[in-house]
Protein chains: 2
Amino acid sequence: MDGSGWRPVKRTRTFEDVLAQIERRITEDGLTAGDRLPAERQLAEQLGVSRSSVREAMRVLETLGVVSSQAGRGPDAGAVLTSRPDSALTDLLRLHLGLAGLEMREVIGTRQMIEQWAAAQAAGARADTSALAAALAGMDAAGSAEEFVEHDTAFHCAIADASGNRLIAAIMRSLRDSMRIYSVEAVRRLGDTSILRADHVRILAAIERGAADEAVAAVSEHLAHAYPSLFT
Amino acid sequence: MDGSGWRPVKRTRTFEDVLAQIERRITEDGLTAGDRLPAERQLAEQLGVSRSSVREAMRVLETLGVVSSQAGRGPDAGAVLTSRPDSALTDLLRLHLGLAGLEMREVIGTRQMIEQWAAAQAAGARADTSALAAALAGMDAAGSAEEFVEHDTAFHCAIADASGNRLIAAIMRSLRDSMRIYSVEAVRRLGDTSILRADHVRILAAIERGAADEAVAAVSEHLAHAYPSLFT
DNA sequence: GACCACAGTATGGTCAGACCATATCGAACC
DNA sequence: GGTTCGATATGGTCTGACCATACTGTGGTC
């Protein structure tokens with residue numbers, strides 16, 4: 001088999017063609033979140049393919065957080081374009097962690113990078129800190145490790161939100177999601193959460209008075225407190 | 001319809017059940033990249049669902065870079081587990097940029113964060129810089145803006161690789177992929193690439209002699225040179 | 001006129017079965 | 001021993017049907 005001079009008639013799968021067509025429509029027609037895609041049967045007829053292929057393309061788009069499907073009838077039914085990368089990133093991290101293609105060490109390292117950067121940005125921009133304060137209050141009222149981690153996550157995601165970069169905020173939320181069980185375990189092992197709370201107060205204060213360097217240092221020390229085993 | 005006391009019989013779609021089952025197998029059986037999943041027809045029979053549902057689940061897993069399907073017969077055929085998050089992240093970024101759910105400003109901001117962090121890590125770890133040097137040589141031989149960006153991308157991805165964090169390296173590659181056209185345009189507008197090349201030499205030197213602060217500064221200035229419009 | 005019950009209908013979700021394309025395996029043949 | 005070619009296992013696609021869901025419109029009731 002020399003393979004010379006022969007070109008395969010079909011290189012892409014049908015559902016990939018459908019994906020390309022839908023993507024083309026999005027860019028050419030300037031579709032944005034909230035717009036509706038044609039119904040599956042209609043799209044299949046327009047593109048001259050079976051409904052199965054359209055459906056497989058829809059699964060891909062749904063997985064990537066680009067469309068949201070809803071059965072039934074009416075304005076909200078059908079495939080609606082959205083822009084929610086969060087769950088896609090969360091699924092991606094969870095599965096690759098499960099496959100050992102990624103280690104928790106790397107996830108936490110990424111989180112550390114983001115958090116230091118975001119804290120500096122938030123401090124530099126004198127960002128709104130009301131969400132941070134609310135999360136801090138929630139931590140005080142937390143009755144279990146799960147609840148504590150819940151509000152702790154909200155606090156740290158609020159820092160990422162305050163950076164003003166939606167991509168970084170989305171990555172941050174996904175990282176925290178995939179770390180949740182690990183974080184709960186870390187909190188349980190730690191026992192006393194007062195140190196963590198004090199760290200948060202210090203981070204919040206640094207951001208509020210626009211001290212970027214202090215915010216970065218506070219975040220860095222906080223992570224060392226929360227995950228001592230990774231910083232030895 | 002008061003809805004009290006009634007529980008929906010079915011909350012999840014069939015293919016989501018399939019996904020959960022496959023994920024369970026991965027974690028419980030400790031499957032890793034390279035292992036094979038049962039054939040679609042076989043899986044459908046085992047789980048008591050139709051092949052379509054299995055296929056939709058496969059599409060999701062393939063989209064997330066967790067399986068790779070290959071027709072035919074033999075050891076390499078069928079659905080093989082992999083761990084390639086790169087194309088998933090690239091697709092995600094491209095589509096969300098197209099939907100205006102993300103702006104190039106945010107992508108470049110994320111790149112800046114990663115690059116500074118990775119340069120510091122690489123310098124601190126005295127990482128191997130042979131890949132960096134090779135990319136630098138490629139840039140000198142580049143005859144077009146596309147080619148230049150190609151090797152420029154390789155250089156910057158090599159920095160991320162040198163950080164030793166696969167997640168960050170994967171994000172970096174995806175960011176660069178989704179920026180490619182934008183980068184080519186920026187290089188064309190710039191005309192003279194000697195400044196960029198000099199920046200690279202400086203970054204490489206800083207990493208080689210383990211000067212983290214200098215490496216961060218060099219990266220920061222480099223990005224300001226490459227995308228002046230974003231740093232005014 | 002306002003309200004409500006119900007049939008109609010458009011949508012996604014699932015299934016069954018068929019056929020095609022591809023790639024290996026294996027037996028028959030030279 | 002090598003080659004050829006059919007058998008077979010796998011993913012890819014199509015068709016057509018049916019179910020579940022949720023709005024829409026119609027008609028009746030008050």
Side-chain angles (χ1 to χ4, degrees), chain A residues 1-3 6-22 34-82 84, chain B residues 1-3 6-22 34-82 84:
Chain A
M1 147 123 77
D2 65 353
W6 117 265
R7 289 259 312 200
V9 175
K10 184 171 190 174
R11 308 184 40 74
T12 63
R13 296 177 282 188
T14 305
F15 80 88
E16 291 173 323
D17 278 341
V18 176
L19 277 174
Q21 290 295 320
I22 294 177
D35 293 337
R36 273 183 60 173
L37 248 38
E40 291 179 359
R41 290 169 177 84
Q42 194 178 335
L43 209 44
E45 195 183 6
Q46 286 176 17
L47 302 178
V49 301
S50 76
R51 199 180 149 208
S52 335
S53 296
V54 172
R55 279 187 64 77
E56 295 196 12
M58 288 299 183
R59 278 297 86 73
V60 172
L61 294 175
E62 202 179 303
T63 302
L64 292 171
V66 167
V67 312
S68 163
S69 292
Q70 175 68 46
R73 198 174 155 166
D76 288 350
V80 178
L81 290 174
T82 61
R84 311 200 163 284
Chain B
M1 151 119 84
D2 66 353
W6 114 266
R7 287 260 311 201
V9 175
K10 183 173 193 175
R11 308 183 40 76
T12 65
R13 296 177 282 188
T14 305
F15 80 87
E16 290 173 323
D17 278 341
V18 176
L19 276 174
Q21 290 295 320
I22 294 177
D35 294 338
R36 274 184 59 175
L37 248 38
E40 292 178 357
R41 291 169 177 83
Q42 194 178 333
L43 209 44
E45 195 184 8
Q46 286 177 16
L47 302 178
V49 302
S50 75
R51 199 181 149 207
S52 334
S53 297
V54 172
R55 279 186 64 77
E56 295 196 13
M58 288 299 183
R59 278 296 87 73
V60 172
L61 294 175
E62 202 179 301
T63 301
L64 292 172
V66 167
V67 313
S68 163
S69 292
Q70 176 69 45
R73 196 174 156 166
D76 288 350
V80 179
L81 290 174
T82 62
R84 310 200 164 286

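Just so you know, these numbers use all the heavy atoms, side chains as well, and skip hydrogens, waters and symmetry mates. Proteins get letters first, then strands, A, B, ... in listed order; numbering begins at 1 in each. Keep in mind the model is a prediction, meaning the values are calculated, not measured.
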Is the shortest side-chain N to carboxylate O distance from Arg59(A) to Glu62(A) below 4.0 Å? yes
Point-to-point distance, once rounded to the nearest 0.5 Å, from CG of Leu64(A) to CG of Leu19(A): 8.5 Å
Find the distance [X]:[atom1] to [N]:[atom2] and express it as a whole number of Å.
X: Gln70(B); N: dG12(D); atom1: CD; atom2: C1'; value: 12 Å
X: Asp76(A); N: dA10(C); atom1: CG; atom2: C1'; value: 14 Å
X: Phe15(A); N: dC14(D); atom1: CZ; atom2: P; value: 12 Å
X: Glu62(B); N: dG12(D); atom1: CD; atom2: P; value: 7 Å
X: Glu56(A); N: dG12(D); atom1: CD; atom2: P; value: 8 Å
X: Leu43(B); N: dA9(D); atom1: CG; atom2: C1'; value: 16 Å
X: Arg59(A); N: dG12(D); atom1: CZ; atom2: C1'; value: 17 Å
X: Arg36(B); N: dA9(D); atom1: CZ; atom2: P; value: 12 Å

Toward the 5' end of DNA chain D, by each residue's nearest nucleotide, Glu16(A) or Arg73(A): Glu16(A)
Between Ser52(B) and Gln42(B), name the one whose nearest nucleotide on DNA chain D is closer to the 5' end. Gln42(B)
Decide yes or no, distance alone: a donor-acceptor N/O pair under 3.5 angstrom between the base of [N] and the side-chain of [X].
X: Arg55(A); N: dG12(C); value: no
X: Arg41(A); N: dG12(C); value: yes
X: Arg51(B); N: dG12(D); value: yes

Using a 3.5 Å distance criterion without hydrogens, assess whether the side chain of Arg55(A) forms a donor-acceptor pair with backbone atoms of Ser50(A). no
Assign [X] to base, sugar-phosphate, or nothing according to its heavy-atom contacts below 4.0 angstrom with the strands shown.
X: Ser53(A); result: sugar-phosphate
X: Ala77(A); result: nothing
X: Gly74(B); result: sugar-phosphate

Taking the side chain as C-beta and beyond, is there a heavy-atom pair between Leu47(A) and Asp17(A) under 4.5 Å? no
Student check: side-chain heavy atoms of Ile22(A) and Leu43(A) closer than 4.5 Å: yes
Using the side-chain heavy atoms of Ala39(A), tell me which of these nucleotides is nearest: dT13(D), dG12(C), dC15(C). dG12(C)
Which of dG12(C), dG11(D), dT10(D) is nearest the side chain of Glu40(A)? It is dG12(C)
Check whether any side-chain nitrogen or oxygen of Thr14(A) sits under 4.0 Å from OP1 or OP2 of dT13(D), and answer yes or no. yes
